[in-house]
Amino acid sequence: MTEGPALRTVGATSRVREEWFLGVSVATSLAFLAFREQLFGRLSDPLWFTVVFIWLFAVVLGSALSVVRHADHLAERLKEPYGTLILTLAITSIEVMAISAVMLHGENNPTLARDTLFAVVMIILNGMVGLSLLLGAWRRPEQQHNLQGANAYLGVIVPLATLSLVMPTFLAGPYGQHPSASRQLILGIISVGLYATFLFLQAGRHRDYFADDSNRHEPISERVSRHGQVWHHAILLFAYMAPVVFLVEQLARPIDYIIETLHAPTAFGGVVMAILVATPEAISAVRASIANNLQRAVNIFLGSVLSTIGLTVPAMLVISRLYGHPVTLGLEHGDLVMLVLTLAVSIITFASGRTHLMQGAVHLVLFLAYVLLIFQ
């Protein structure tokens, strides 16, 4: 009769140990809430700046990774496409909060949203896709995915990316590339409308486009144990996201300091935000590809790009209007060429429903070119 309570106690202790990082996140939030000025008062000291920046970056990234862990649990129970949809929406919410915090802190940086969007697209469509395809094809000649699903993603990503990041470059008005109120409204309506239509297709009549029932998947041994109900993981997912709202605002201060005081490239803030957003999903996508579940990997990286453009752009335009912070969206020079090249190569990569090692290598080369261009 005593085995039941004993087992429940052991299970509760195990769960507390698994969620230890939540305590770290909450403790960090309390520390910066109580001692904010003392912690930020010595940013001019290079050693102290490094400590504060790495501390905040690691805690925000760890919280995002925990969000992905619980989203993966929900994905196992809810199946595709709902599991991936939860993951992409959660990470996109973190991205919007992070960009908003940096935008509204310190000097106005009108290109931050653009730089972050571009960095996310490059990291995911080149770095994440390249690594996933390369590692996934290392032990097998080819991998398969649902061609209709990839076409559906790219059919929305290409026009949204063009309207958001390419078209504004050629529609510069008297105040430069800052879009007028009417253009912002039209772009916001188009982005939200196309994304909502896609969600209706993904979760409704064409949900089979985003599923793979071929039973070729190998078990992912790294996954944590399958305990807890759906509500349990949903609550913990939001619990890990809550401190991020506060911590990304604190992270904005060292980012602004390194751009405004140390004169780092203006794209630095966007790259940092993009790494925070893309890393958790990159880990999940690579693990899925290695396990020969390329369909889930495709859903993750293409879904991430789509939600980033479809939701982040309207959110940034709204914040721009509410707080009077102008936003520059159009890419220029080499960045514009890299975006068009990446979209073209992505269409070719996913055009047949099969992928192989060479395609992964091509995407990684494009990612390397993007990294080198940052420092030009």
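For the single chain, residues carry numbers from 1 onward in sequence order. This one's a predicted model, so the numbers in the text were calculated from it and none came from an experiment.
A donor-acceptor pair is defined here as one N or O able to donate and one able to accept, closer than 3.5 Å; such a pair exists between the side chain of S307 and the backbone of S304. Between the side chain of S191 and the backbone N or O of G310 there is no donor-acceptor pair closer than 3.5 Å.
Listed here is the closest heavy atom pair of A161 and L339: O-CD2, 4.4 Å. Across R253 and E37, no two heavy atoms sit closer than the pair NH1-OE2, 3.8 Å. A pairwise comparison of heavy atoms in G193 and T197 identifies O-OG1, 2.8 Å as the closest pair. Taking both residues in full, the closest heavy atoms of L187 and S164 are given as CD1-OG, 3.8 Å, listed atom of the first, atom of the second, then distance. Listed here is the closest heavy atom pair of P314 and I309: CD-O, 3.9 Å. Between G334 and L373, the shortest heavy-atom contact is O-CD1, 4.4 Å.
Transitive grouping of hydrophobic side chains (ILVMFWY, heavy atoms separated by less than 4.5 Å) keeps V192 and L306 in distinct clusters.
Centroid-to-centroid, the aromatic rings of Y370 and F118 come within less than 6.0 Å. Aromatic rings from F32 and F40 are positioned such that their centres are separated by under 6.0 Å. Not less than 6.0 angstrom separates the ring centroid of F350 from the ring centroid of Y153.
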- Message: For a side chain to side chain contact (heavy atoms under 4.5 Å, CB included) check, start with the C-alpha distance between F49 and S44, then their side-chain angles and the critical distance, and finish with the verdict.
- Response: CA-CA 7 Å; F49 172 86; S44 57; over 6 Å; no

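The side-chain contact (heavy atoms from CB on, under 4.5 Å) test applied to I189 returns L185, not counting sequence neighbours.
To the nearest 0.5 Å, the span separating CD1 on I157 from CG on L302 amounts to 5.0 Å.
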Result block: side-chain N/O donor-acceptor pairs under 3.5 angstrom for residues 357-367, not counting sequence neighbours:
unit_1: Q359; atom_1: OE1; unit_2: H356; atom_2: N; d: 2.9
unit_1: Q359; atom_1: NE2; unit_2: T349; atom_2: O; d: 3.4
unit_1: H363; atom_1: ND1; unit_2: L125; atom_2: O; d: 2.8
unit_1: H363; atom_1: ND1; unit_2: N126; atom_2: OD1; d: 3.4
unit_1: H363; atom_1: NE2; unit_2: T349; atom_2: OG1; d: 2.7

Can you give each donor-acceptor pair under 3.5 Å made by side-chain atoms of residues 52-66, sequence neighbours left out, with the distance rounded to 0.1 Å?
unit_1: W55; atom_1: NE1; unit_2: T28; atom_2: OG1; d: 3.3
unit_1: S63; atom_1: OG; unit_2: S25; atom_2: OG; d: 3.3
unit_1: S63; atom_1: OG; unit_2: V59; atom_2: O; d: 2.9
unit_1: S66; atom_1: OG; unit_2: G62; atom_2: O; d: 3.1

